[in-house]
Amino acid sequence: MTEYKGVYTIALTGNPNVGKSTVFNNFTGLHQHTGNWPGKTVENTQGVYKYNQNKYIIMDLPGTYSLTPNSAEEQVTSDYVKSGEYDALVIVADATCMERNIRFALSIMQYVQKKVIICVNLIDEAKKKGIEIDSDKMSEMLSVPVIKTAARSGKGTEKLKKEIERICLAGSKDNTEAMKGDIAQLSEKILKECCVYKNSSTDKRDRRIDKVLLSKRFGIPVMLLMLALVFWITITGANVPSELLNKFFRVLGDKLRVLLLNIHCPDIVISALIDGVYNALTWIISVMLPPMAIFFPMFTLLEDSGYLPRIAFNLDSLFRRSKAHGKQSLTIAMGFGCNACGVTGCRIIDSKRERLIAIITNSLVPCNGRFPMLIAVTAMFFAVNSSMQSLILLGLILLSVGVTLLCSKILAKTVLKGEESSFVLELPPYRRPQIGKVIIRSIFDRTIFVLLRAMAAAAPAGLLIWILANTNIGDTSVLMHITNILDPFGKALGLDGAVVCAFILGFPANEIVLPLILMIYTCGGSLSEIPDIMQFKEILLSNGWTLTTAICMMIFSLFHFPCSTTCLTIWKETKSKKWTALSFVTPLIVGIVLCIIVHFISVLIF
Amino acid sequence: MDMNANTHITLRDAPIGARCMVCDIDDGLAVKNRLTELGFYSGAFVDKLYTGVGGSPIAFRVSGAVIAVRSDDADKIIAEI
């Protein structure tokens, strides 16, 4: 057990987008975890680092624009900062936006007279824009240490750690003297004497980019194009890995079977393990995982680059007309990655009413787990090449967004009536995302987590199906009984009992629905090997699938109840059975209604 | 021509590319506090940058950052060109 000389608590605060989390991650690496502040649905991110035999617990407070709180997040930050229950308070400022950041720092220093360190971050970007900060002069004027950092590359972080230790061990000067007078005048003075702007216009590049991305003519088309491109890369990129994994697991599966035979494992157990569990698991890994592993990092890169607020800007009028909040476009975008993350992301909407609308409608947009399902069905029944697939996928997304807007409007006119709240959005500077770090973060945070979850859901589900398929009541298996019961309902939707059964069992994780359909059709037993896409199609066709079935399948994939993780998250965020139930039921009703309509139309036509 | 006149205009009506000095924000505006914190205070200079489809939202360069507000809200901010 390591002995520490001392344990200290550091609080990190600052405006949003100043690179506070970069500093935090730089200090703590993987030694961090996120929970909730006691009694609130606000994230509490804490981490630990060691320096000179001392242990430092560092709290990454939610970003805030001021100490007069406008939201639950800002309340938490404000309360904690004013409480003084830390050994040092690091105010992270953005060197490219000193005017506002200095005012912010000063407003904090009105309440906190000691233990303050100002960290001027993004110094590398400031340099590129011709901005120079005289940190020594600023430190003198404010009587607090001022450290310049470029946390992305680690510059200045050692110095910051040293300064933090100094404050924790030796205490700090009282800065009340320096703070005398009007804040506005003081901040102007500091700006004038400590910040040098060599160029008159420091954000030329960003403004040039925004001129295109925010233009009335090009803004939305570019957005659609980018989305289509993301899909195309996901689909094409996933093909080769999928095939390789498929082949690998086939070979492995055969070897496992031989191994089990050699150790005299009873046939029935071999069948349960290989045909039931192994096949379901490996199908998920080879078909579902590669698209997810590609889509998620790409999406994160887009987020990190700063593009998403531009989407909110372009779509605000559209959302407003549907009586929804402009930031809902952002929560929808987050929902593409994972519906549960989208729901948590709804915290960016301050007004409770509009936040609920965003939460309830979030699952109407397909998540990472459902994309592979949509891609597979599209590949089987509709499209010849990746470009067609991307376009169809784009069309499906547009449908989802359209339905989301419609549902939002309906909710706003019925159960969630009320005042429209204001929309103030910061468009941060474009930043080049750290590709390597994003990929690693995606792999560890998301891909592995989802993989484990899918495996944890697929293994038991696969086993369950195998058991149901091989246990008989009368002369038919239990599985057949169940699918027969569900069949009338399924057929009304243009699907069948097996598909409905798979969706129900797929409640824990959407990724397992397709493998479950496969297993139910092959009665959990006669599958001797894992099929590729075209063989899968044959199996579907031989079980009565038509083009209509494929369409209804895609519609139901888009619009059905949220997965268990999302439901749990909604419950945690809303703390209300009523809203959680509504969130469960809304997409389901949409799916049922649309499927019935499509089925009806196809019956009329054919 | 009378060069003395300081044109008072709302930020919604100001032309794109104009640099304005904020005079006052209508007290009735719910987000007045938030806007002030973000840099829309008396005497601050803001540049009007972009508008969305239908004139809303409007993006301004203010206090070194770019902030977007809806046109209805921008209509409550009075400035001088």
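Within every chain, numbering begins at 1; the chains are lettered A, B, ... in the order of the sequence lines, protein sequences first and strands thereafter.
Neither the backbone nor the side chain of A:N17 comes within contact range of chain B; no heavy atoms are under 4.5 Å apart. For B:I58, the part lying under 4.5 angstrom from a heavy atom of chain A is the backbone only. In this structure, the portion of A:E74 lying under 4.5 Å from any heavy atom of chain B is its side chain and not its backbone. If you measure heavy-atom distances from B:D72 to chain A, the contacts under 4.5 Å come from the side chain alone. Residue B:N33 does not touch chain A at all, counting heavy-atom pairs closer than 4.5 Å.
No side-chain heavy atom of B:L49 sits less than 4.5 Å from a side-chain heavy atom of A:K211. A:V424 has its side chain out of reach of B:R70: every pair of non-hydrogen atoms, C-beta onward, lies at least 4.5 Å apart. You'll find the side chain of A:R100 reaches within 4.5 Å of the side chain of B:I67, heavy atoms only. A heavy-atom distance below 4.5 Å is not found between the side chains of A:E99 and B:V62.
When the shell of 6.0 Å around NZ of A:K352 is examined, it contains 12 or fewer heavy atoms from other residues, nucleotides or ligands. A 6.0 Å sphere centred on NZ of A:K189 holds no more than 12 heavy atoms belonging to other residues, nucleotides or ligands. A 6.0 Å sphere centred on CD of A:E188 holds no more than 12 heavy atoms belonging to other residues, nucleotides or ligands. Residue B:K32 qualifies as enclosed at atom NZ: its count of foreign heavy atoms under 6.0 Å is above 12.
Interface summary for chain A: among B:G64, B:A65, B:S71, B:P57, the most heavy-atom pairs under 4.5 angstrom belong to B:P57. The candidate from B:V69, B:D73, B:V53, B:L38 with the greatest count of non-hydrogen atom pairs under 4.5 Å with chain A is B:L38. Among the candidates A:Y65, A:F313, A:F104, A:F423, the residue making the largest number of heavy-atom pairs closer than 4.5 Å to chain B is A:F313.
Between A:D210 and B:Y50, the shortest heavy-atom distance links the atoms CB-OH, 3.1 Å.
Residues A:S107 and B:E37 have side chains that never bring a donor and an acceptor to within less than 3.5 angstrom of each other.
In this structure, A:R103 is positioned above the aromatic face of B:Y41, its NZ or CZ under 6.0 Å from the six-membered ring centre and within 45° of the axis.
Considering A:L214, A:L427, A:L425, A:D206 as possible partners of B:V66, the one that fulfils the side chain to side chain contact (heavy atoms under 4.5 Å, CB included) test is A:L427.
Annotation: residues 314-322 of chain A contacts chain B through A:D316, A:S317, A:R320 [non-hydrogen atoms, separation under 4.5 Å].
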